[in-house]
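What follows is a short report on a single structure.
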Amino acid sequence: MSESSAPPKTVLLRRGEVHSPADPFATAMVVERGQVAWVGSEGAADAFADGVDEVVDLDGALVTPAFTDAHAHTTATGLARTGLDLSGAPSLEAALALVRDFAAARPDDRVLLGHGWDAARWPGGRPPTRTELDEATGHRPLYLSRIDVHSAVVTTALLDLVPDVTREDGPLTADAHHAVRAAAFSAVTPQQRTDAQRAALAHAVSLGIGTLHECAGPEISSEDDFTGLLRLAGQEPGPRVVGYWAEQDVAKARELGAIGAAGDLFVDGALGSHTACLHQPYADAGHTGIAYLDAAAVAAHVVACTEEGLQAGFHAIGDAAVDAVVEGVRAAAGKLGLDRIRAARHRVEHAEMLTPESVAAFAELGLTASVQPAFDALWGGEEGMYAQRLGVERARGLNPFAALLRAGVPLAFGSDSPVTPLDPWGAVRAAAFHRTPEHRVSVRAAFTAHTRGGWRAVGRDDAGVLVPGAPADYAVWRTGELVVQAPDDRVARWSTDPRSGTPGLPDLTPGRDLPVCLRTVVGGRTVFVRPGE
């Protein structure tokens with residue numbers, strides 16, 4: 001019997017801090033048959049000590065629900081970890097040097113794969129030319145995705161494998177990008193793919209992530225990649241993987257084992273690649289981006305998914321794309337009834353450029369906003385990429401998390417890894433210390449969006465929280481002092497007063513160390529223990 005199929009142990013955790021609304025002062029917890037059985041005080045824990053398979057002495061550590069990353073690309077994350085990572089390159093020259101070194105170190109790779117360049121952050125703001133990449137690689141096939149994965153630069157040798165793609169220099173977008181990405185990823189062997197998936201899943205649990213929402217689709221990965229990942233996650237210890245397949249063929253999504261024909265079903269592209277669809281032109285380009293689906297197509301898809309009992313979901317970043325989704329979902333509600341649409345919990349991924357009207361529509365239609373706080377940390381601010389693309393005033397409106405929460409819109413936090421790294425506590429910090437102060441939320445609200453919010457986004461209201469009867473998905477953390485944050489309009493107030501009756505969370509003030517994961521448990525089975533612990 002494999003470890004993943006063996007019955008989960010009955011475990012008593014004691015002498016720590018347990019983050020539980022069932023008991024804000026809990027210091028112990030019992031897990032039985034893959035569920036939380038009890039939370040309470042250290043004094044009461046003695047009654048359970050003789051009836052468990054294992055006792056874990058927390059030695060003051062914090063226990064929380066495991067995180068859910070509500071938007072990830074697992075294979076691409078693994079390939080980025082094992083391939084060429086340009087996200088830290090400070091300039092074009094540094095990026096080209098990394099390409100040269102990588103090509104020299106991988107003489108046997110059929111196609112060189114890299115990710116993460118961001119010319120918007122480089123002096124001069126220019127991406128590498130095809131001629132420069134040809135020289136750096138020795139004229140070998142190379143695919144380099146931009147950090148948002150909505151455009152790429154490639155070598156001539158890779159274009160030779162896709163003869164119908166334009167030979168114009170510069171980053172490839174839309175269909176041309178999808179074609180060269182398919183050609184590049186077809187060179188990845190099944191073993192390389194599985195190794196990349198294992199690397200990504202192992203990294204996730206080392207960060208206290210218990211569940212990943214895999215956002216796959218025919219323009220992102222492949223059917224074999226998707227089904228192979230779901231199979232691997234079901235056979236080996238690691239995080240739960242919930243699959244979304246971004247195709248308008250609803251029957252195909254069900255056939256592949258997806259819970260929704262959703263995820264990155266593109267209504268538009270991304271701001272960094274000038275492909276997000278806007279009402280008004282970009283500040284640094286004379287166009288409004290790309291629209292892949294209109295409101296009529298959105299409505300038809302939502303109706304089809306709702307009637308088949310699947311979630312619908314769309315990638316929408318620009319304000320015109322978000323409005324197309326709202327218009328389409330509202331049309332579907334007019335056909336099927338608002339109650340059926342709300343009950344289906346359809347999703348919008350990213351949802352960055354929102355107006356007060358679109359926020360209200362999300363609440364009315366029961367749409368979940370699956371959002372990535374790290375985007376603001378990376379690209380926000382008056383000198384960030386958002387401001388370059390949109391101008392400072394439009395950029396200030398992006399990622400309005402506080403407005404969404406005030407309106408009652410369900411939030412689910414994720415990373416869009418490898419666009420931004422798997423880093424759940426970093427995402428909580430980014431939301432609590434948003435670059436635009438009026439969009440900030442409390443640490444507690446951000447933590448909830450990254451734990452319980454991900455479960456709610458897949459239709460589960462009984463999980464993502466440590467209360468009796470909930471799934472035993474939890475993580476153990478080494479952290480500093482626990483505090484309670486109470487937000488008001490603009491400022492965060494911090495308190496350690498135990499009389500608040502609210503479970504404390506780590507102090508995530510920028511500059512402080514983030515918590516370190518010591519152990520991750522999924523369904524009552526330990527899937528990660530930090531070496532030396």
Side-chain angles (χ1 to χ4, degrees), residues 68 70-71 213 244 260 262-263 265 267-268 277 279 293 295 298-299 301-303 305-306 310-373 375-376 396-414 427 431-432 434 436 438-442 444-461 464-465 487-489:
T68 292
H71 190 118
H213 294 185
Y244 288 94
L265 184 54
V267 178
D268 69 344
C277 190
H279 284 305
L293 296 177
V298 169
H301 187 64
V302 171
V303 168
C305 288
T306 305
L310 290 175
Q311 282 182 291
F314 305 92
H315 165 118
I317 287 179
D319 50 1
V322 170
D323 285 350
V325 171
V326 166
E327 183 182 344
V329 178
R330 186 169 280 138
K335 181 173 182 178
L336 299 180
L338 181 59
D339 288 346
R340 287 187 68 186
I341 295 300
R342 289 178 59 86
R345 302 193 188 190
H346 301 308
R347 299 171 51 142
V348 184
E349 309 299 320
H350 315 310
E352 294 197 75
M353 291 186 71
L354 296 166
T355 63
E357 293 76 19
S358 56
V359 169
F362 273 43
E364 172 198 354
L365 299 167
L367 294 173
T368 294
S370 170
V371 295
Q372 295 74 42
F375 286 7
D376 175 72
R396 285 181 61 85
L398 266 61
N399 302 299
F401 304 139
L404 287 162
L405 282 180
R406 283 195 300 269
V409 176
L411 290 185
F413 282 179
H434 196 294
T436 304
E438 56 262 38
H439 299 331
R440 293 174 180 171
V441 299
S442 70
R444 183 158 57 102
F447 179 80
T448 299
H450 220 334
T451 51
R452 198 169 192 179
W455 284 93
R456 286 171 169 165
V458 298
R460 291 281 301 272
D461 293 329
V465 60
D488 63 22
D489 289 341

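Values reported hereafter were calculated over all heavy atoms of this structure, with side chains retained and with hydrogens, waters and symmetry mates removed.
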Quick check: does any side chain N or O of T306 sit under 3.5 Å from a backbone N or O of V302, one acting as donor and the other as acceptor? yes

Between P373 and G414, the two heavy atoms sitting closest are CD-O, 4.0 Å

Straight-line distance of R456 CZ to T368 OG1, nearest 0.5 Å: 10.0 Å

Is there a donor-acceptor contact under 3.5 Å from the side chain of Q311 to the main chain of R345? yes

First locate atom CD of E349, then atom CD1 of I317, and finally report the distance between them rounded to the nearest 0.5 Å. 10.5 Å

May I have the step-by-step check of side-chain contact (heavy atoms from CB on, under 4.5 Å) for H450 and T68, ending in yes or no? CA-CA 6 Å; H450 220 334; T68 292; 5.5 Å; no

Donor-acceptor contacts, no H, no angles, side chain residues 320-339, under 3.5 Å, sequence neighbours left out:
residue, atom, partner, partner atom, Å
D323, OD2, H279, NE2, 2.7
R330, NH2, E364, OE1, 2.8

Rounded to the nearest 0.5 Å, what separates atom CG in D376 from atom OG1 in T436? 6.0 Å

So, the side chain of D319 versus the backbone of M353: is there a donor-acceptor pair under 3.5 Å, distance only? no

Could you pull out the closest heavy-atom pair between A457 and H213, with the gap in Å? CB-CE1, 4.3 Å

What is the minimum heavy-atom distance between A369 and L404, and which atoms define it? CB-CD1, 4.3 Å

For the pair H71 and R347, evaluate side chain to side chain donor-acceptor pair (under 3.5 Å) and give the outcome as yes or no after the intermediate values. CA-CA 11 Å; H71 190 118; R347 299 171 51 142; 5.3 Å; no

Anything under 30° is parallel, anything over 60° is perpendicular, the rest tilted; go ahead and classify H434 against F401. perpendicular

Given 3.5 Å as the limit, does a donor-acceptor pair link the side chain of R452 with the main chain of D461, or not? yes

Roughly how far, to the nearest 0.5 Å, is the OG atom of S358 from the CG atom of L365? 11.0 Å

Are any side-chain N or O atoms of H346 and backbone N or O atoms of A312, one a donor and one an acceptor, separated by less than 3.5 Å? yes

Main-chain N/O of A363 paired to R342 side chain as donor or acceptor, under 3.5 Å: yes

Is the ring pair F314/H301 parallel, tilted or perpendicular, if the boundaries are 30 and 60 degrees? perpendicular

Looking only at non-hydrogen atoms, find the nearest pair between A316 and V348 and report the distance. CB-CG1, 4.0 Å

Find out whether F362 and L354 are in side-chain contact, i.e. whether some heavy atom of one side chain is under 4.5 Å from a heavy atom of the other. yes

Please give me the minimum heavy-atom distance between A407 and V359, naming the atom from each residue. CB-CG1, 3.6 Å

